[in-house]
Every structure is written in structure tokens, then in C-alpha cells.
Amino acid sequence: MMISLKVISLLLDYPSEDLWEHRNEIIDALQEADELPVTQVAKLMAFIRELTQQDLLDAQANYSEIFDRGRARSLLLFEHAHGESRDRGQAMVDLLNQYQQAGITLSSRELPDYLPTYLEYLTLLPTDESIEGLNNIAPILALLSERLKQRGSDYHALFDVLLCLSQSELDASQLAAQVEKEPVDDTPAALDAVWEEEQVTFLGESAQCGSNNISQHQRRFAQETPVQYLNVGNSLDMGAQK
């Protein structure tokens with residue numbers, strides 16, 4: 001198992017008391033992460049120390065500010081590949097099938113394209129398939145890395161490590177000019193516009209393909225100011241097929 005993938009999955013999830021309580025154990029476990037260069041392991045350790053030095057409530061508030069406001073930094077992978085197109089519903093079904101084949105069962109409230117869940121799935125695969133699974137989402141990882149970097153968030157370091165693990169040749173910095181030109185979608189005005197639009201469209205959306213398991217909170221971000229989508233084809237293969 002790629003230890004670093006398991007650790008990053010934990011770090012990208014909503015901050016919890018367990019992470020604060022077991023931070024030293026997690027740092028110790030990273031010493032065995034031979035799939036990464038020493039410099040990348042050190043980067044993960046530094047992130048854990050800096051994160052857990054914060055008050056837990058402050059870290060949770062910061063997390064929500066970064067990942068739950070606007071869709072540009074959403075941790076829902078298909079948001080960046082498919083948006084609200086019909087391809088997204090089928091991609092969800094395909095990914096759920098891959099999870100089931102790996103022995104993973106999600107609750108009706110969990111979305112399969114949530115990045116921490118996907119990383120958890122990759123930890124169950126042979127190393128070469130884990131790398132392939134990361135490489136498949138490398139364009140998304142690079143885009144999120146640069147968006148977070150320009151936002152001034154330390155979380156960008158986690159995406160840089162994931163890109164390293166993916167063995168992709170993509171360089172997030174090459175997206176700097178593109179990201180600078182993107183519309184800001186987490187301002188009060190943009191969020192207010194989403195709520196106003198939702199009042200009109202929410203009831204009519206309930207029958208759309210692939211939307212039944214998406215919460216109202218997640219629908220909110222699906223309707224925000226458009227951001228740059230990735231050109232990754234009609235479907236995104238999220239890992240090795242069994």
C-alpha cells in the first residue's frame with residue numbers, strides 16, 4: 001500500500017479530532033513511505049505539523065472556506081471534468097462499480113468522486129494501478145494545485161505531492177496564466193447569485209440524470225459562476241478496470 005496516499009486522503013478530508021490526536025503516529029508512518037523522495041515526505045510532515053498546530057475549529061473553518069465556497073476548488077473530481085453534463089451521471093455509476101469490485105461500499109450520502117474517497121480506493125490497488133489512477137486525474141490535480149497556490153493556501157502542497165506520485169510530466173505552474181484569468185466564484189455576490197438561481201431551478205432539477213444523490217449544498221456549487229473545465233474527453237477513467 002502507498003502510505004502517502006492514505007495519509008493525503010486523511011489530510012484532504014474535513015479536519016477531525018482523530019487527526020489531531022494521532023498526528024505523531026501519522027508522521028511516524030510517513031517515514032516508511034518509500035514511494036516518495038525524501039523532500040516530498042518532508043513536505044507532507046511539515047504540512048501535518050502546521051495544520052495541527054492550529055485550533056481544530058479554526059482549521060475546520062479554513063477548510064470550509066477553501067473547499068466549500070465556490071466550485072473552482074471543489075474536491076469533487078467530476079465537477080472539474082464534466083460539470084453538470086449527462087456524462088457526469090454515467091461516470092458516477094462507472095466509478096461506483098469500480099469501488100464495489102474493490103470491496104468498497106458507500107452510503108447514499110457519499111459521492112464517489114470525492115477526492116479523499118478516490119485516494120482511499122487507490123490504496124487498495126497494486127502500486128502500478130494506483131499510479132495509473134493518479135495519472136488519470138493529473139490534469140485536475142495540477143489545476144487544483146495552482147488554484148490553491150494562487151489562493152495562498154498551504155493545501156496546494158498536497159496536490160504537488162500527488163502529482164509527484166502520479167509520475168505525470170504536468171507542471172502546475174504552467175497553468176498560472178489560465179488560473180489568473182478565471183472568474184472568482186466565491187465572492188458574496190457570486191454566492192448570492194447562486195442562491196437566487198437555485199430558488200428558480202431547484203425543484204426542476206430533481207429529475208436530472210445523476211442528481212438524486214447530490215445534496216442541496218452540493219447543488220448550490222454546481223450552479224455557480226462557470227470556471228474552466230478540463231478537456232478530458234467524454235468520460236474519465238478513474239482507475240484500472242477489473
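If you're wondering where the values come from, they're calculated on a predicted model, not measured in any experiment.
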Please enumerate all residues that pass side chain to side chain donor-acceptor pair (under 3.5 Å) together with Asp171, with sequence neighbours excluded.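 If we apply the side chain to side chain donor-acceptor pair (under 3.5 Å) test to Asp171, skipping adjacent residues, the hits are Ser173.
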Under 3.5 Å side-chain donor-acceptor pair for [X] and [Y]:
{"X": "Asp94", "Y": "Gln90", "answer": "yes"}
{"X": "Tyr63", "Y": "Asp68", "answer": "no"}
{"X": "Glu35", "Y": "Ser4", "answer": "yes"}

I'd like to check [X] versus [Y] (side-chain heavy atoms, cut-off strictly below 4.5 Å). Are they in contact?
{"X": "Ile3", "Y": "Lys6", "value": "no"}
{"X": "Leu56", "Y": "Pro15", "value": "yes"}
{"X": "Tyr118", "Y": "Asp113", "value": "no"}
{"X": "Leu44", "Y": "Leu36", "value": "yes"}
{"X": "Ser166", "Y": "Ile131", "value": "no"}
{"X": "Leu5", "Y": "Ser130", "value": "yes"}

Taking [Y]'s backbone N and O only, do any of them form a donor-acceptor pair with [X]'s side chain (distance below 3.5 Å, no angle check)?
{"X": "Thr123", "Y": "Glu120", "value": "yes"}
{"X": "Ser168", "Y": "Cys164", "value": "no"}
{"X": "Arg147", "Y": "Ala72", "value": "yes"}

Hey, any chance Val93 and Ile137 share a hydrophobic cluster, counting ILVMFWY side chains that come within less than 4.5 Å of each other, even indirectly?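 No, no single cluster joins them.
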Distance-minimising heavy-atom pair for Thr52 and Trp20: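 Closest approach of Thr52 to Trp20: O-NE1, 3.4 Å.
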What's the shortest heavy-atom distance between Ala33 and Val41, and which atoms?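 Shortest heavy-atom contact: O-CG2, 3.8 Å.
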Within this structure, what is the [atom1]-[atom2] distance for the pair [X] and [Y], rounded to the nearest 0.5 Å?
{"X": "Leu125", "Y": "Gln98", "atom1": "CG", "atom2": "CD", "result": "8.5 Å"}
{"X": "Met2", "Y": "Leu119", "atom1": "CE", "atom2": "CG", "result": "10.0 Å"}
{"X": "Leu30", "Y": "Met45", "atom1": "CG", "atom2": "CE", "result": "5.0 Å"}
{"X": "Leu106", "Y": "Leu111", "atom1": "CG", "atom2": "CG", "result": "9.0 Å"}
{"X": "Tyr114", "Y": "Ser74", "atom1": "OH", "atom2": "OG", "result": "9.5 Å"}
{"X": "Leu115", "Y": "Glu79", "atom1": "CG", "atom2": "CD", "result": "13.5 Å"}

ring-ring contact (aromatic ring centres under 6.0 Å, His included) pairs, two or more places apart, involving residues 124-152: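 ring-ring contact (aromatic ring centres under 6.0 Å, His included) check on residues 124-152 returns no pairs.
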More than 12 heavy atoms from other groups under 6.0 Å of CD on Glu32: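 For Glu32, atom CD is not crowded (no more than 12 foreign heavy atoms under 6.0 Å).
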Look at Arg73 together with Glu65 and state whether they make a salt bridge at an N to O cut-off of under 4.0 Å.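 Looking at Arg73 and Glu65, the cut-off is not met.
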Acceptor/donor pairs from residues 154-163 side chains to any protein atom, 3.5 angstrom cut, sequence neighbours excluded:
| residue | atom | partner | partner atom | Å |
| --- | --- | --- | --- | --- |
| His156 | ND1 | Asp160 | OD2 | 3.2 |
| Asp160 | OD1 | Ser145 | OG | 2.6 |

